[in-house]
Amino acid sequence: MRILVTGGAGYIGSITSAELIRAGHEVIVIDNLYQGHRAAVPPEATFIQADLANRQELSEIFAAYPGIDGIMHFASYTLVGESMEKPMLYLRDNVTNAGNLLEVAIAAGVRRFILSSTANLFDQPERIPIAEHERIVPGSPYGESKFFIERMLHWMARIYGMRYACLRYFNACGDTPERGEDHDPETHLIPIVLQVALGQRPHVTIFGDDYPTRDGTCVRDYIHVLDLASAHILAMEALDRLGERRYNLGNGQGFTVREVIETARKVTGHPIPAVVGPRRPGDPAVLVASSETIRAELGWQPRFPDLESIIASAWEWHRTHPHGYDD
Ligand code: UDP
């Protein structure tokens with residue numbers, strides 16, 4: 001298939017692009033390089049530097065590259081914490097950019113779409129692990145923006161026959177030998193912990209240890225980026241028979257912040273000092289996925305089910321790329 005990947009210079013988008021190419025698909029990447037890295041885009045992909053805010057430019061891209069079979073939409077502002085400080089970047093820009101993309105895609109006849117969605121839809125889950133039918137209570141403007149886009153897709157399906165899957169990632173992490181997580185500034189737990197191990201930070205701050213969990217720190221479901229990539233490809237290839245789908249994507253196992261730090265100490269052999277700080281606004285206490293639906297419907301199976309192998313893959317990238325893509 002000829003797949004358009006927005007955000008294909010970003011962490012999950014670039015690794016999924018590489019996996020798409022490995023699976024024999026053709027990839028066209030659009031990225032504005034606001035957060036992404038040109039060097040992360042696989043050399044076999046076509047790269048277009050463009051911004052989804054510019055609808056005219058998007059129309060020209062679809063005209064220049066006819067016959068796009070499907071879209072994977074990764075490009076987005078993605079930080080819960082930032083969204084609590086700059087809500088309109090999320091509630092306006094994420095939503096408008098997705099709207100531009102969908103409008104132009106529909107006009108060009110594209111009817112397959114995979115959305116990067118999020119566990120932040122489930123701020124107050126009634127049941128853990130969290131299944132797709134759990135009530136939706138976005139935990140932040142970030143989660144709300146993804147919920148809007150999920151709803152947009154629902155109406156595009158009803159009105160135009162769009163086939164789509166919303167993949168709600170829990171905590172994406174892990175790296176491949178060629179590509180890894182490189183954000184500036186870095187806000188995610190595993191890369192921060194590994195930066196401490198590299199001597200780039202004196203310590204990691206634990207955001208709150210008074211949550212109602214086994215050690216007082218937040219519980220998250222850490223899922224390897226290659227397992228997310230395989231879910232995208234399986235879903236895209238199955239969309240014609242699936243129609244309209246939402247899948248929660250995680251390992252189904254939760255780890256506390258302290259357990260992540262402890263595992264990283266084991267993997268790196270570094271003491272990784274940790275200090276406790278205040279809670280981060282927008283963080284729910286526990287987010288663990290039930291991924292039974294995608295397992296049953298698409299035969300998806302995580303290849304990295306344990307935290308140690310995930311952190312070991314991240315350590316390999318960070319050790320060999322201590323300055324990320326600048327190396
Ligand atoms: N976290 C932390 N210290 C940090 C970064 C993150 O304690 O420096 C915690 C955060 O509060 C959350 C978990 O680690 O409970 C995972 O956070 P991350 O930002 O990696 O992913 P998110 O859960 O926001 O998607």
Side-chain angles (χ1 to χ4, degrees), residues 1-21 25-79 82-83 86 88-118 142 145-146 148-150 152-153 156 160 162 164-167 172 179 181-184 225 228-229 232-233 236 324-326:
M1 291 199 258
R2 177 177 245 200
I3 308 293
L4 180 76
V5 178
T6 75
Y11 167 47
I12 308 172
S14 66
I15 290 175
T16 304
S17 294
E19 291 297 295
L20 276 167
I21 289 164
H25 297 292
E26 180 192 346
V27 173
I28 301 167
V29 166
I30 298 185
D31 200 297
N32 63 4
L33 298 184
Y34 168 69
Q35 299 164 99
H37 305 273
R38 179 65 183 89
V41 179
E44 302 87 346
T46 301
F47 175 70
I48 304 161
Q49 186 169 352
D51 200 306
L52 301 180
N54 188 338
R55 199 159 38 129
Q56 178 57 35
E57 193 180 7
L58 269 182
S59 297
E60 289 163 13
I61 293 168
F62 277 80
Y65 295 91
I68 290 170
D69 295 299
I71 297 174
M72 293 188 182
H73 179 42
F74 295 93
S76 171
Y77 296 101
T78 58
L79 301 174
E82 182 186 57
S83 83
K86 300 177 184 165
M88 281 305 158
L89 267 190
Y90 290 77
L91 297 170
R92 181 193 50 224
D93 295 24
N94 274 359
V95 174
T96 307
N97 291 347
N100 286 344
L101 177 65
L102 273 169
E103 196 170 25
V104 170
I106 283 163
V110 181
R111 291 294 183 274
R112 296 184 194 91
F113 198 100
I114 310 278
L115 174 69
S116 301
S117 189
T118 175
Y142 166 58
S145 74
K146 294 292 182 173
F148 280 168
I149 303 168
E150 290 202 1
M152 231 186 248
L153 280 165
M156 296 304 103
Y160 299 110
M162 181 65 88
Y164 73 90
C166 302
L167 303 185
R179 293 177 180 80
E181 193 167 3
D182 178 6
H183 298 114
D184 186 20
V225 62
L228 293 180
H232 283 77
I233 296 171
M236 181 62 89
Y325 286 101
D326 291 339

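If you're wondering where the values come from, they're calculated on a predicted model, not measured in any experiment.
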Return the [atom1] to [atom2] distance between [X] and [Y], rounded to the nearest 0.5 Å.
| X | Y | atom1 | atom2 | result |
| --- | --- | --- | --- | --- |
| Ile68 | Glu26 | CD1 | CD | 9.0 Å |
| Leu52 | Glu57 | CG | CD | 9.5 Å |
| Leu101 | Ile61 | CG | CD1 | 10.0 Å |
| Ile21 | Ile3 | CD1 | CD1 | 11.0 Å |
| Leu4 | Arg112 | CG | CZ | 13.5 Å |
| Leu20 | Met1 | CG | CE | 8.5 Å |

Polar side-chain atom of [X] near backbone of [Y] as donor-acceptor pair, under 3.5 Å:
| X | Y | value |
| --- | --- | --- |
| Ser14 | Ala9 | no |
| Asp31 | Gln49 | no |
| Asp51 | Asn54 | no |
| Thr6 | Phe74 | yes |
| Asn32 | Ala50 | no |

Legend entry - ring pair (Phe, Tyr, Trp, His ring centres under 6.0 Å) between Tyr34 and Tyr77, worked out: CA-CA 10 Å; Tyr34 168 69; Tyr77 296 101; 5.7 Å; yes

Student check: side-chain heavy atoms of [X] and [Y] closer than 4.5 Å:
| X | Y | value |
| --- | --- | --- |
| Pro66 | Arg2 | yes |
| Ile106 | Met156 | yes |
| Thr46 | Val27 | no |
| Ser83 | Leu89 | no |

Under a 3.5 Å cutoff, is there a donor and acceptor pairing between the side chains of [X] and [Y]?
| X | Y | answer |
| --- | --- | --- |
| Glu82 | Tyr90 | yes |
| His232 | Thr16 | no |
| Lys146 | Ser116 | no |

What's the shortest heavy-atom distance between [X] and [Y], and which atoms?
| X | Y | result |
| --- | --- | --- |
| Arg111 | Tyr160 | NE-O, 2.9 Å |
| Ala18 | Arg179 | CB-NH1, 3.6 Å |
| Val29 | Ser17 | CG2-OG, 3.9 Å |
| Ala108 | Phe62 | CB-CD2, 3.7 Å |
| Ile12 | Ala172 | CD1-CB, 3.6 Å |
| Ala229 | Glu19 | CB-CG, 3.9 Å |

Legend entry - Evaluation steps, side chain to side chain contact (heavy atoms under 4.5 Å, CB included), between Ser145 and Val95: CA-CA 6 Å; Ser145 74; Val95 174; 4.0 Å; yes

Inset, instruction - Assess whether atom CZ of Arg55 is packed by more than 12 heavy atoms of other residues, nucleotides or ligands within 6.0 Å. - result: no

Legend entry - Distance flag, aromatic centroids of His37 and Tyr11, threshold under 6.0 Å: no

Inset, instruction - Any chance you could lay out the side chain to side chain contact (heavy atoms under 4.5 Å, CB included) test for Val110 and Ile71, step after step, and finish with the verdict? - result: CA-CA 8 Å; Val110 181; Ile71 297 174; 4.0 Å; yes

Inset, instruction - Before giving the answer on side chain to side chain contact (heavy atoms under 4.5 Å, CB included), spell out for Leu153 and Leu102 the whole-Å C-alpha distance, their side-chain angles and the decisive distance to 0.1 Å. - result: CA-CA 8 Å; Leu153 280 165; Leu102 273 169; 3.8 Å; yes

